[in-house]
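Labels below follow one simple rule: chain letters A, B, ... track the order of the sequence lines, proteins then strands, and each chain is numbered from 1.
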There are 2 protein chains.
Amino acid sequence: MPQAIFPAPDHDHGSCASTAIAHAERLCAARSARLTPTRRHVLETLLASHKPLGAYEIMDRLAAGDGRPAPITVYRALDFLRDNGLVHRIESRNAFVACVREHADSAPVVFLICEHCGAVGEATGGAIADALATSCRAAGFSPKSPVIEIAGVCSHCRQR
Amino acid sequence: MPQAIFPAPDHDHGSCASTAIAHAERLCAARSARLTPTRRHVLETLLASHKPLGAYEIMDRLAAGDGRPAPITVYRALDFLRDNGLVHRIESRNAFVACVREHADSAPVVFLICEHCGAVGEATGGAIADALATSCRAAGFSPKSPVIEIAGVCSHCRQR
DNA sequence: ACTTTGATGTTGCGCTGCAGCAAAAAGCGC
DNA sequence: GCGCTTTTTGCTGCAGCGCAACATCAAAGT
């Protein structure tokens with residue numbers, strides 16, 4: 001059953017962020033990948049926002065703590081986080097969001113992007129996956145982890 | 001029935017391009033929009049390639065004919081062509097392709113992007129549209145002309 | 001201790017995309 | 001045709017995005 005999670009504007013950021021960090025730590029430990037301070041800071045920044053952030057926006061927010069990191073530093077951290085499925089890139093926005101959900105790697109991800117408040121809901125769509133697979137097969141096309149981005153207006157903004 | 005068109009590597013570029021140009025002319029005439037030389041050149045360049053081209057790549061190819069146009073010139077032409085549904089932007093590539101197909105405006109478009117040869121197949125997926133609509137409704141999300149981009153390997157490259 | 005691997009820092013650069021203003025061209029009423 | 005408005009184009013400049021190439025430094029293995 002496809003289901004999207006749009007975090008309510010007033011939900012408990014703190015707890016969902018710490019859950020995600022804990023998950024990241026477990027996952028990295030399991031893969032013996034290193035969740036270094038820089039990488040952790042970047043992830044935390046994204047988690048604290050719950051909105052897509054551009055790389056340079058992340059830099060700005062990190063600048064408060066330590067010295068301002070170079071762009072490449074942030075990009076490398078993002079590469080690492082993406083490789084490990086902790087962060088997604090929103091192509092249509094040139095921005096990044098922390099992944100709140102644990103996926104099967106093969107499952108397609110659907111991003112619902114609110115044009116009003118900028119929030120991003122992450123849905124996993126079984127039905128969509130099936131339809132996509134059918135369509136690709138008809139075209140003789142072998143897909144690779146499809147990502148779907150849909151712009152629109154989220155439920156919370158809709159109510160006004 | 002979803003169906004993707006991957007032009008065979010040896011198909012007749014010339015004829016499909018001129019068909020598309022003719023369509024563009026008819027459409028612009030009907031809307032009393034002006035298909036100026038610059039805009040036409042940009043469209044022709046995209047049609048001649050059948051692959052996504054970056055804005056600066058388009059500039060390079062236009063440079064041969066007249067003088068090299070400024071970036072903004074190309075972007076404005078692209079804006080015009082996109083507004084009229086003659087060109088699509090491939091977000092994940094920061095590139096543009098000529099639209100070979102006449103859509104209903106509301107129908108979602110599915111791009112199948114070959115990572116090997118760079119070709120782009122354009123499919124329209126009724127089943128996918130339905131699944132997406134269901135998923136969005138479940139999330140209380142109001143979508144706006146969804147565009148789906150899927151990376152993978154096309155049928156022609158697959159055969160090798 | 002030494003080597004190998006991986007992470008970070010530094011410099012520099014090319015691509016992407018557009019704002020803001022000025023000049024030229026097209027359409028329109030008279 | 002003549003002025004007027006609207007559209008299109010040309011020009012300068014700039015900000016964000018993303019990474020290559022190289023040097024440095026820490027960690028992990030033998």
Side-chain angles (χ1 to χ4, degrees), chain A residues 24-25 27-46 49 51-63 65-84 86-97 118 149, chain B residues 24-25 27-46 49 51-63 65-84 86-97 118 149:
Chain A
E25 275 173 346
L27 187 141
C28 287
R31 299 187 186 177
S32 59
R34 282 149 61 190
L35 188 63
T36 61
T38 306
R39 293 167 176 174
R40 186 200 206 91
H41 292 334
V42 170
L43 180 57
E44 286 169 347
T45 304
L46 285 175
S49 133
K51 282 198 334 182
L53 294 180
Y56 282 61
E57 213 170 336
I58 296 173
M59 281 175 51
D60 290 343
R61 303 199 180 190
L62 288 181
D66 330 285
R68 178 192 209 74
I72 186 73
T73 302
V74 173
Y75 280 106
R76 283 196 281 226
L78 288 170
D79 284 344
F80 171 86
L81 295 170
R82 277 202 287 165
D83 287 345
N84 289 280
L86 298 167
V87 158
H88 292 290
R89 179 186 160 83
I90 308 287
E91 308 278 3
S92 59
R93 290 279 200 278
N94 291 335
F96 303 84
V97 281
E149 300 177 13
Chain B
E25 275 174 347
L27 188 143
C28 287
R31 298 187 188 177
S32 59
R34 280 148 64 188
L35 187 63
T36 62
T38 306
R39 293 167 177 172
R40 185 196 206 94
H41 291 336
V42 170
L43 180 57
E44 285 169 349
T45 303
L46 285 175
S49 135
K51 283 196 337 183
L53 294 180
Y56 281 63
E57 214 169 335
I58 296 173
M59 281 175 51
D60 290 344
R61 304 199 179 191
L62 288 181
D66 331 282
R68 178 192 209 74
I72 187 71
T73 302
V74 173
Y75 279 107
R76 282 196 283 226
L78 288 170
D79 283 345
F80 171 85
L81 294 170
R82 277 203 287 163
D83 287 345
N84 289 280
L86 298 169
V87 157
H88 292 290
R89 179 188 159 83
I90 308 287
E91 309 278 3
S92 60
R93 290 280 200 277
N94 291 335
F96 303 84
V97 282
E149 301 177 12

Report task. Check the pair B:Glu25 / B:Arg40 against salt bridge (Lys or Arg N to Asp or Glu O under 4.0 Å), numbers first and verdict last. Result -> CA-CA 9 Å; B:Glu25 275 174 347; B:Arg40 185 196 206 94; 2.4 Å; yes
Query - Candidate pair B:Val42 and B:Thr73, rule side chain to side chain contact (heavy atoms under 4.5 Å, CB included), full reasoning - result: CA-CA 10 Å; B:Val42 170; B:Thr73 302; over 6 Å; no
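Nucleic acid contact for B:Arg89: sugar-phosphate only, since backbone atoms but no base atoms lie under 4.0 Å from a heavy atom of the residue. Among the heavy atoms of the strands lying under 4.0 Å from A:Arg39 are primed sugar atoms or P, OP1, OP2 only; no base atom is included.
Counting to the nearest Å, the P atom of D:dG13 and the OH atom of B:Tyr75 are 19 Å from each other. Atom pair A:His41:NE2 and C:dG9:P shows a separation of 10 Å (rounding to whole Å applied). Between the CE atom of A:Met59 and the P atom of D:dG18 there is a distance of 13 Å, given to the nearest Å. Atom CD of B:Glu57 and atom P of C:dT16 are 8 Å apart (whole Å). Summarising the geometry, the separation between CG on A:Asp79 and P on C:dT8 is reported as 12 Å, rounded to the nearest angstrom. Summarising the geometry, the separation between CG on B:Leu62 and P on D:dT9 is reported as 12 Å, rounded to the nearest angstrom. In this structure, the CZ atom of B:Arg68 is 18 Å from the P atom of D:dT9, given to the nearest Å. Atoms CZ (B:Arg34) and P (C:dA26) sit 7 Å apart, rounded to a whole Å.
Listed candidates were C:dT8, D:dG10, C:dG17. Nearest to the side chain of B:Tyr56 is C:dG17. Comparing atom distances between the A:Ala70 side chain and each of D:dT8, C:dA7, C:dT10 picks out C:dT10 as nearest.
Salt-bridge check for A:Arg82 with A:Asp79: passed, with a basic side-chain N closer than 4.0 Å to an acidic carboxylate O.
For D:dT8, the OP1/OP2 oxygens have no side-chain nitrogen or oxygen of B:Thr36 closer than 4.0 Å. The side chain of B:Thr73 places no N or O atom within less than 4.0 Å of a non-bridging phosphate oxygen (OP1 or OP2) of D:dT9. Here B:Asn94 reaches the OP1 or OP2 of C:dG17: one of its side-chain N or O atoms lies under 4.0 Å away.
Judged by atom type and distance alone, B:Arg76 reaches the base of D:dG10 through a side-chain donor-acceptor pair under 3.5 Å.
If you find the closest nucleotide of DNA chain C to A:Ala77 and to A:Pro71, the one lying nearer the 5' end belongs to A:Ala77. Toward the 5′ end of DNA chain D lies the nearest nucleotide of B:Pro69, the other residue of the pair A:Phe96 and B:Pro69 mapping further downstream.
The shortest distance between side-chain heavy atoms of B:Leu78 and B:Arg39 does not fall below 4.5 Å. Inter-residue side-chain proximity for A:Pro69 and A:His41 is flagged as unmet; no heavy-atom pair is nearer than 4.5 Å.
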